[in-house]
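Single-structure report; data block below.
These numbers were taken from a predicted model, which means no experiment stands behind them.
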Amino acid sequence: MEAHDYAEGVSSSGNKAWIDLIIKSEADGDTPPSPGAVFFRWEFRDQAAMDAFVANELPPGFALAPTQFLESDDPEGVHCLLLMLYNAGGGSIVDGARAEWDVFVSPPKGADPDAPVRPRYMIIQALSEKVSFDPVTLLSRANPLSYKFEGNNVVASIGERKEDGSEVTVFEASFPKPDPNTSTVMRWTAEMAIANDYMHWTNGVYDEIVYNATTYNWEGYFIDTAQTMITDNSHWAQYLKPGLKDATFYVNTLEYVASPLANLESEFLDVTPEERANLIAFKNNGHQRGIMHRDVEEMFLGQGDAYVGSRVANETPSTFYNFEITDPSGLEAALDLPAGHSLAPIRIFEDGAEGYYLTLSVLQFEDAIEGMRAQWSVYVDDGSGRPQQRVIDLMTADVGIDPVSIINLPSKVRHSLAGGVLSTRLSSAAITFDASFNTAGAQDEALTMNWVEAGDNVCYANGVCDKFYYNAETLDTPVHRAADVTVNAFATPWSQFVSATPSIVFYRDNAQQYAVKRWHNLKVEVEVVPVDGLEGATHNMSGIGTLVGRENNFADSAYAYTGEAAVEGNQLTFVIDQQVVNVLGVSHIYTRGNFDLTTGNGTQTVVDCQGPALMCSNIVPGSEAPYTAQDLNASNRDVITWKVNVEVDLTNFGLADSASTFAATVKK
């Protein structure tokens, strides 16, 4: 219900939408397999080229920003232009092959929450294989793109379809797939990931992005540029040195979550009043809310997951007490970990030592009914080699929900900051804990990327896991390590396996934004009642139709109707599968309804919509509307015909005319 309630509150002034953006790789196991994402990087030709680029291509007030993209880059950063090629899948914003030309920019102060301190990605051009959404064009046209394996090579062909329908080849590339046994290993930086926090476009609009360790904490490979063949006919080649600086290749799938059109009220947008109004209309017409409702529906059917946005304000700082595990094998046996799982050593601070730890995390999610929570966790490896947290006990100040006990009854959880002293007092049938420390004298520390990654998947004793996505406020904002901690009481079921006092205690006082998939690996398949049959059907349904825009052709569609009907007395009851074909793809809208064969008046209810998210985002299952059969001819009950012609308001795409004809023919 948390996900349902969150989706219900999505609006331009309410809850943020959070929508999947998955960048595929061979690790997905698809047939045919997809290459992982590649980044080509070029240096600017000279300072004059950089100056010209800023003047000609960037919105007012934005400057190019030096960025440490790879760990091997100069720590002070470099100026580069990038082309990212990938295949999107499983997401709701883009799909298919995609090419994005990017630069790192320094936005003017106020243009995003951290501007101009942090460099940001700016997408200066995006081309997609399929129609997609972006803040510059709203709906972009489909272009001739491909990004695939051909034998041992990765081959890309990027074409652009012009207004007149002609096609031009913008970019082509071919390179050998990196061999893990011989290719040079490389790593991206946290700064590269953080640049995604506010993904700017050339009109100043940004999408807010959160991510996990798949972006910043996995190794990739350098591509052998000597064996890379490139033909660059792009607009951007004029600013660049002719040879590649480098090219890097992901072997893992990347998981992003986006909240599109996040700053439409900003004074820094380079848009006309009409363009701003169109963007606001597109955001507010139910698109984002509809996508999130669709995710909730799939979650209830056991077919997918849904996001909730969660924030930790840290007005009372989140605090982490870390006890060294002195007997890892003993605790591992006592916890009875699942087969294939083992306790994992982890290094908490960049300048610290690796060890086995039991962590008590005390924090509060904003607006959570449970209030303050105290979570006891260990770090485990499930056999993948990636760290994750495993919750071995959860205490909450008020009644909460968790996948183990379902209803988590309150414990004594007291956590407060007063007079510069942070105090934690916990009490339950099995646990007593009382500790405090002065915040004065605390030292800033950088957390390791492995420790942050361990929070990506927080799993409970029964194996059900929450999946977290976050931004720089979690990834690289320093925490504060307490200088001295007083422990007055410490009694737990695991005390014999751990040190009597915590070896590392730190706290956060910066707010943190998350997008969370609760219980994401719990899939309970629900049998869906078919929508293509009607009990007691006497007639077969058929029909065709069109949708034609008056102002543009973005939504122009062709309809094909199939289904069944039952005629009893003067009432016709129907179930219809409406196939819709347009530039976005193919969708199916399933409806049930009835009307009077004398007046033509009745009602229609939406059962479901299946197809691309952009096509189904405004189709609400369960919604009911009047139905009017026009030009109804029921004189021959063996063949009943009618029309439905209506005017449709497509909000920011203007008005359109929908015209359909139907026939109900008696079954033979």
Pair [X], [Y]: side-chain N/O donor-acceptor within cut-off below 3.5 Å:
{"X": "Tyr514", "Y": "Gln512", "value": "yes"}
{"X": "Ser423", "Y": "His415", "value": "no"}
{"X": "His480", "Y": "Asp509", "value": "yes"}
{"X": "Ser34", "Y": "Asp30", "value": "no"}
{"X": "Ser329", "Y": "Asp327", "value": "yes"}
{"X": "Asn252", "Y": "Thr214", "value": "no"}
{"X": "Thr215", "Y": "Tyr256", "value": "yes"}
{"X": "Ser25", "Y": "Thr253", "value": "yes"}
{"X": "Asp608", "Y": "Gln610", "value": "yes"}
{"X": "Asn263", "Y": "Asp112", "value": "no"}

Would Asp402 and Arg373 count as a salt bridge (charged side-chain N to carboxylate O under 4.0 Å, His left out) here? Give the steps. CA-CA 12 Å; Asp402 76 72; Arg373 68 189 275 137; over 6 Å; no
Tell me the closest heavy-atom pair linking [X] and [Y], and the distance in Å.
{"X": "Asp444", "Y": "Pro478", "result": "CB-CB, 4.2 Å"}
{"X": "Ser503", "Y": "Arg481", "result": "O-NH2, 3.5 Å"}
{"X": "Val421", "Y": "Ser436", "result": "CG1-CB, 4.1 Å"}
{"X": "Asp207", "Y": "Pro260", "result": "OD1-CA, 3.3 Å"}
{"X": "Ser377", "Y": "Gln389", "result": "OG-OE1, 3.6 Å"}
{"X": "Val413", "Y": "Thr396", "result": "CG2-C, 3.7 Å"}

Met192 vs Ile194, test: side chain to side chain contact (heavy atoms under 4.5 Å, CB included). Steps then yes/no. CA-CA 6 Å; Met192 171 267 196; Ile194 290 164; over 6 Å; no
Quick one, [X] and [Y] - any side-chain contact, counting heavy atoms below 4.5 Å?
{"X": "Leu279", "Y": "Val205", "value": "yes"}
{"X": "Val452", "Y": "Thr474", "value": "yes"}
{"X": "Glu366", "Y": "Val312", "value": "no"}
{"X": "Gln388", "Y": "Asp382", "value": "yes"}
{"X": "Phe433", "Y": "Thr424", "value": "yes"}
{"X": "Val464", "Y": "Asn521", "value": "yes"}
{"X": "Ser623", "Y": "Thr605", "value": "no"}
{"X": "Ile401", "Y": "Ile407", "value": "yes"}

One pair to check against salt bridge (charged side-chain N to carboxylate O under 4.0 Å, His left out): Arg120 and Asp114. What are the steps and the verdict? CA-CA 10 Å; Arg120 299 298 185 203; Asp114 296 324; 3.2 Å; yes
Between the side chain of [X] and the main-chain N/O of [Y], is any donor-acceptor distance below 3.5 Å?
{"X": "Glu354", "Y": "Ile346", "value": "no"}
{"X": "Asn462", "Y": "Pro403", "value": "yes"}
{"X": "Asp381", "Y": "Ser384", "value": "yes"}
{"X": "Thr477", "Y": "Leu475", "value": "no"}

Report yes or no: is the cationic atom of Arg390 (NZ for Lys, CZ for Arg) closer than 6.0 Å to the six-membered ring centre of Trp376, at no more than 45° off its axis? no
Does NZ or CZ of Arg518 lie under 6.0 Å from the centre of the six-membered ring of Phe365, at an angle within 45° of the ring axis? yes
Please determine whether ring pair (Phe, Tyr, Trp, His ring centres under 6.0 Å) holds for the pair Trp188 and Tyr250, giving the CA-CA distance in whole Å, both sets of side-chain angles, and the decisive distance to 0.1 Å. CA-CA 10 Å; Trp188 292 270; Tyr250 272 102; 3.7 Å; yes
Verdict with reasoning, Tyr216 to Met449, per side chain to side chain contact (heavy atoms under 4.5 Å, CB included): CA-CA 8 Å; Tyr216 65 81; Met449 298 297 96; 3.7 Å; yes
So, taking the atom named [atom1] in [X] and the one named [atom2] in [Y], what distance separates them when rounded to the nearest 0.5 Å?
{"X": "Lys130", "Y": "Arg98", "atom1": "NZ", "atom2": "CZ", "value": "13.0 Å"}
{"X": "Asp197", "Y": "Glu208", "atom1": "CG", "atom2": "CD", "value": "8.0 Å"}
{"X": "Leu21", "Y": "Leu254", "atom1": "CG", "atom2": "CG", "value": "9.0 Å"}
{"X": "Leu363", "Y": "Gln375", "atom1": "CG", "atom2": "CD", "value": "7.0 Å"}
{"X": "Ile431", "Y": "Ser411", "atom1": "CD1", "atom2": "OG", "value": "8.0 Å"}
{"X": "His200", "Y": "Ser266", "atom1": "NE2", "atom2": "OG", "value": "8.5 Å"}

Taking Asn217 as the fixed residue, which of Asn212, Asn450, Asp456, Thr448 is the one that meets the side chain to side chain donor-acceptor pair (under 3.5 Å) rule? Asn450
Using ring centroids (six-membered ring only for Trp), state whether Trp451 and Phe349 fall under 6.0 Å. no
Do the ring centers of Tyr469 and Tyr211 come within less than 6.0 Å of each other? no
Salt bridge between Arg508 and Glu473, side-chain N to carboxylate O under 4.0 Å? no
Run Lys517 and Asp20 through salt bridge (charged side-chain N to carboxylate O under 4.0 Å, His left out) and show every step you take. CA-CA 11 Å; Lys517 285 184 175 180; Asp20 272 322; 3.4 Å; yes
Which of these passes ring pair (Phe, Tyr, Trp, His ring centres under 6.0 Å) with Phe320: Tyr357, Tyr507, Phe506? Phe506
Could you walk me through whether Leu426 and Arg414 pass the side chain to side chain contact (heavy atoms under 4.5 Å, CB included) check? CA-CA 6 Å; Leu426 311 175; Arg414 304 288 185 268; over 6 Å; no
Assess whether side chain to side chain contact (heavy atoms under 4.5 Å, CB included) is satisfied between Val399 and Ile369, documenting all intermediate values. CA-CA 7 Å; Val399 173; Ile369 61 170; 5.6 Å; no
Compile the donor-acceptor pairs under 3.5 Å between side chains in residues 487-494 and protein atoms, sequence neighbours left out, one pair per line.
unit_1 : atom_1 : unit_2 : atom_2 : d
Thr492 : OG1    : Trp494 : N      : 3.1
Thr492 : OG1    : Ser495 : N      : 3.1
Thr492 : OG1    : Ser495 : OG     : 3.1

